[in-house]
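For reference, the structure I am asking about is given below.
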4 protein chains.
Amino acid sequence: MAPKPRTSPRKPPQQARSKATIDAILTATARVLVKEGFDRASTNRIAEAAGVSVGSLYQYFPSKEALVAALVERHTDLMSAELSSAFERVAKLPLAAAARELVELLLRAHAIEPALHKVLIEQVPRVGRLGHVHDVEARSMRLQRAWMEMHTDELRPVDLDLAAFVVVTSVEALTHAATIYHPKKLTDGSLATEITALVVRYLGKPSARVA
Amino acid sequence: MAPKPRTSPRKPPQQARSKATIDAILTATARVLVKEGFDRASTNRIAEAAGVSVGSLYQYFPSKEALVAALVERHTDLMSAELSSAFERVAKLPLAAAARELVELLLRAHAIEPALHKVLIEQVPRVGRLGHVHDVEARSMRLQRAWMEMHTDELRPVDLDLAAFVVVTSVEALTHAATIYHPKKLTDGSLATEITALVVRYLGKPSARVA
Amino acid sequence: MAPKPRTSPRKPPQQARSKATIDAILTATARVLVKEGFDRASTNRIAEAAGVSVGSLYQYFPSKEALVAALVERHTDLMSAELSSAFERVAKLPLAAAARELVELLLRAHAIEPALHKVLIEQVPRVGRLGHVHDVEARSMRLQRAWMEMHTDELRPVDLDLAAFVVVTSVEALTHAATIYHPKKLTDGSLATEITALVVRYLGKPSARVA
Amino acid sequence: MAPKPRTSPRKPPQQARSKATIDAILTATARVLVKEGFDRASTNRIAEAAGVSVGSLYQYFPSKEALVAALVERHTDLMSAELSSAFERVAKLPLAAAARELVELLLRAHAIEPALHKVLIEQVPRVGRLGHVHDVEARSMRLQRAWMEMHTDELRPVDLDLAAFVVVTSVEALTHAATIYHPKKLTDGSLATEITALVVRYLGKPSARVA
DNA sequence: AATGAATGAGAATTCATTCAT
DNA sequence: GATGAATGAATTCTCATTCAT
C-alpha cells in the first residue's frame, strides 16, 4: 500500500557523492521533461536517464511532485536571481530607461532554458507546489511595486498594486508567448521595443512620453 | 495499455438520441474535470458521471484526448461566438469606446464557466489538439488586426501584426490572471478600466489620449 | 501517485460473469494464502492464480486489504452459520450435554478449512477490517451469554459477561492451538472431553458435576 | 531485493560498546514496532531511531527477521525468567494457592511491556524463528507439567500432558485477550479470581474444591 | 446502439540489503 | 568498526481501451 507522498524535500546530503547524485537527477529531470513531456516523464525513466537507481531518486525526493517542484524551484531561482540583482541597477533610472532595461532583462532571463521553461509553463499542472513557476511573477510584482513607489512623480496617478499586477502580468505573458510562438522576435529587439512602449505608455504621464 | 488512440471524431451523430448522449458526455466531462482535476478525470469516471457506459463514450469519442479536445472546442466556440458577434457592433466605434467595449466583453466571456476555463488553462497539457484552448487567441488576434486596419488614422504608427499580438496576449493574460487571482476585481469595473487604459495608451496617438 | 486505498467493497456485480470472477478471485486468494503465506500473496500473484487480470481484481476489491477482508468474512460467515444454527438445537439441553455438543461443533467448525484458518490466524495482521477473524468470538460470546441466562439454575453464581468471556476465549484458544499443534487429538475425541470438562467444571454447581 | 537473508546471529559482541549498540538497536526496534506497526518498521527506520547507521545494524543482525527474532527472544526471556523463578516458590503450595499465585504472576508478566507484547502477538507473522513468541507457552507447559507431577494426590486423574496443554493454553489466551480487550479487569483482581477458578475447578478433586 | 466486464502495460513508491569510503 | 549512499526487484494500484454479449 502506498502511503500519501510527501512533498517536502527529504534529507540533506551529507557526503559529496550525494550532491553529485542530486544534481544528476535534477538535470536528468529537465532533460526528460523536455524530450518526453511531463506525462511520459516517469520516475523510473528519469532515474535511468540520470544513471541512478530509482531508489536513489526517492532517497532525495520523496515523490514525483517533490522532484519536479525542486526543478521548478531551481529554475525560478535562477531567473529571480538575475531579476533581483538587476533591480538595484535600475532603481534610479527614469521610467523609459528602466522599462527598457527590465524588459530586455526579462527576455534574456527567459532565453536561458527556453525549452525547459516552455514545458514547465505548458505541461506541468499548476497545482500544489508545482504552481510555483508563478512565484517569479509574485516576486516580480513586489519589485515592480517598489520601483513605482520610488518614482511616483514620473507616473500618472495609479493604484500601485493594481498597476504592478497589470504590468507584470502583461510583460510575463508577452515574454512567454513570444518564447513559444515568436522566438525570432525575441532576439531582434523589435519585441523589446513594443513591450517597453506598452509599459511606458501605460504608466507614464502624457508629458513624459517617449516615442 | 492498448494501441495508440485515434484523435479524429468517430462518426457524425445521426439521431437525436446521439446528440443528447454526446451532450451528456461533454457536460459530464466538464463537471468531472472541474471537480476532480484533469489527472483524476478518467474515462470510466466520466462515463459514469454521464450515466452512460464506457463503451458508449468510446462510440462517440475515439480517445480521451478526442473527448477533451471536443470539450475544449465547445468551450472556445462559445467564447469566440460572442466575440465575433460583438466585433460587428464595435467595428465603427472609435478607439477608446471600442477598447472599453471589447475588454468588458472579454471579461464577461471569461465569467461564463470560469471554473472550467481555469482547469482547461491550468491543468490540460497544451499538447496536440488539446492546445486549441489557444485558438481563441488566434481568432481574437485576427479580429483585432482587422479592427486596427480600419482605424489606422486613430492609431500611432505600428506594425499591425505585432501590435495585435501585444494587445491580445496582454488582455488575455490579464483576464486569466484576474479570473484566477482577483475574481472580485472582475466585477467592480476597476480592472476593466485599467486594461482599457493599457490598450488605449499603447495604441493611441498622444492627442487622442483618454485619461 | 497512489491515493489512499478504500476498504469497502466496490460495486455489486451486475452480470453472471462477474459472480464467477469474484468467486474465482476469492478462491484463488485462499489458495495463494495457504500456499505462499500472507506476505508473498501479492495481488498480481492472486490474480494470476485466479486466471484473471489484476484489473479485474481491483474492479471488485479496491485494495489488497479489502480482498483479504472479504475472504475473512466469507470464512467466518461459514463458521458462524453453523454455530448459530446449532444454538437452537442445544438451547434446551442441560449444561453437560450442551457443552459437549458445542465443543464438538466448534472443533468440527475449525476442521472445515483448517489450513486457511491457520494462515488467517497466524499470518494476517489483526489490524483494521482484517481483525474480523475475531468476530466469530464476539458472536460466540453473545450466544454463550444467552445460553447461560437461560440456565442460571444449573450454574454456580457468576458474572455472566465475565464468564462468557472466560469460556469462549478458552475454548477458542484451545481449538486453535489444537488445530495447529495437535491436529490428531482433534479427531479422537480426547480433546473434546477435556475441553468439555473444563467448561462444565468452571460453570457448574458442585452437585451438578459430571465426571 | 538482494539474496536470501541469513537468520543466525552474526558475531558475538566483543566489546562493551557493541553491547550498548545492540541494546540501542533492540530498544529502537521495540519502539518503532509499537509506534509504526510491523509492516512499517523498516530496518532503515529502526537504525535511524537507534541513532545508528543501517550498516551497523546489519553488522549485528544479518536480516530483519534475525533482528525481530532477537527482540522476541529478549522479550520472552524476560517473561520466562520471572516464571521460572516463581516456580520454585510455588512448588510446594497446594493447588488453589499455587494457581492463584501463578495466575497473578502471569498477569503481572504481561503487564510489563503490554504494547510490545500486543504487536508481537497481533502483527508479527508466526513464521520461522519469529514464531518463538510462543516459546513462553512451551516453557510454561513444562513447568506446569512438573508442578502437576509433584501434586498428583491433589488432582483428579488426568493425562498430564493434555492437562498442561489445556491449562497453559487457556490461561495464556485469557491473559492476552484481557490485555487487549479488557485492560481494566487485569488490575482489579476480578479476572485473576475467575482464571484461578477455571484452573482449580478443572484440575481439582471435587472434595478439594475451593469456591 | 449500448453495456460493462475484462485487460495489462505501466506508474509511483518502498525496503531489505550491500559495499565503497 | 562505522557510515550512509546506492541498489533494483517487487508491490500496489490506475486507467485508457477493447469486445463479447
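Each chain gets a letter, A, B and so on, in the order its sequence line appears, and its residues count up from 1.
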Checking contacts here: which listed nucleotide (dC13(F), dT7(F), dA16(E)) is nearest the side-chain heavy atoms of T43(D)?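 Per side-chain heavy atoms of T43(D), the pick is dA16(E).
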For dG4(E) and S18(C) - does any side-chain N or O of the residue sit under 4.0 Å from the phosphate oxygens OP1/OP2?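 No, no such contact exists.
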Could you work out, with salt bridge (Lys or Arg N to Asp or Glu O under 4.0 Å) as the rule, every residue matching D23(D), not counting sequence neighbours? R74(D)
Return the value, rounded to whole Å, for the distance between atom OH of Y58(B) and atom C1' of dA5(E).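 Atom-to-atom, Y58(B) to dA5(E), this comes out as 15 Å.
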side-chain hydrogen bond (donor to acceptor under 3.5 Å, both in side chains) filter on T21(C), not counting sequence neighbours, yields none
Tell me, which pairs form a salt bridge (charged side-chain N to carboxylate O under 4.0 Å, His left out) where one or both residues lie in residues 28-37 of chain B, sequence neighbours left out? E36(B)-R40(B)
Distance between the C1' atoms of dA1(E) and dT21(F), in whole angstroms?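 Between the two C1' atoms, the distance is 13 Å.
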Below 4.0 angstrom, which residues in residues 45-56 of chain C have at least one non-hydrogen atom near DNA chain E?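 Heavy-atom cutoff 4.0 Å gives V52(C), S53(C), G55(C), S56(C).
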Between I25(D) (CD1) and dT3(F) (P), how many Å, whole number?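 Value for this atom pair: 10 Å.
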By salt bridge (Lys or Arg N to Asp or Glu O under 4.0 Å) - contacts of D39(D) (at least two apart):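 Testing D39(D) for salt bridge (Lys or Arg N to Asp or Glu O under 4.0 Å), a comparison that skips the adjacent residues, returns none.
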If a pair satisfies salt bridge (charged side-chain N to carboxylate O under 4.0 Å, His left out) and one of its residues is in residues 46-56 of chain A, list it, with sequence neighbours excluded. none
Taking dT13(E), dA5(F), dA2(E) as options, the one with an atom nearest any side-chain atom of Y60(A) is dA5(F)
In this structure, how many angstroms lie between the P atom of dA9(E) and the CZ atom of R40(A), rounded? 15 Å
Dot-bracket for DNA chain F, 5' to 3', Watson-Crick and G-U pairs with both distances under 3.5 Å, [ ] for crossing pairs, | for partner on another strand, reads .||||||||||||||||||||
Which whole-number value in Å describes the distance from D39(B) CG to dC13(F) C1'?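 For the pair D39(B) CG and dC13(F) C1', the rounded distance is 15 Å.
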Could you report the tightest heavy-atom contact between I46(C) and I25(C), atom names first, then the distance? CG2-O, 4.1 Å
By nearest nucleotide on DNA chain F, pick out whichever of A41(C) and T21(A) is the more 5' one. T21(A)
Between E36(B) (CD) and dC15(F) (P), how many Å, whole number?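 Rounded to the whole Å, the gap is 10 Å.
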Tell me: CZ of F61(C) to P of dT14(F), nearest whole Å? 15 Å
Interatomic distance where CD belongs to Q59(B) and P belongs to dT3(E) [whole Å]: 10 Å
Going by side-chain contact (heavy atoms from CB on, under 4.5 Å), name the residues that satisfy it together with S42(B), two or more places apart in sequence or in a different chain.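 side-chain contact (heavy atoms from CB on, under 4.5 Å) list for S42(B), sorted by chain: N44(B), R45(B).
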Residues in side-chain contact (heavy atoms from CB on, under 4.5 Å) with A24(B), at least two apart? none
Distance check needed: dA9(F) C1' versus N44(C) CG, whole Å only.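 Between C1' of dA9(F) and CG of N44(C): 13 Å.
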Atom OG1 in T43(D), atom CG in L67(D): separation rounded to 0.5 Å? 8.5 Å
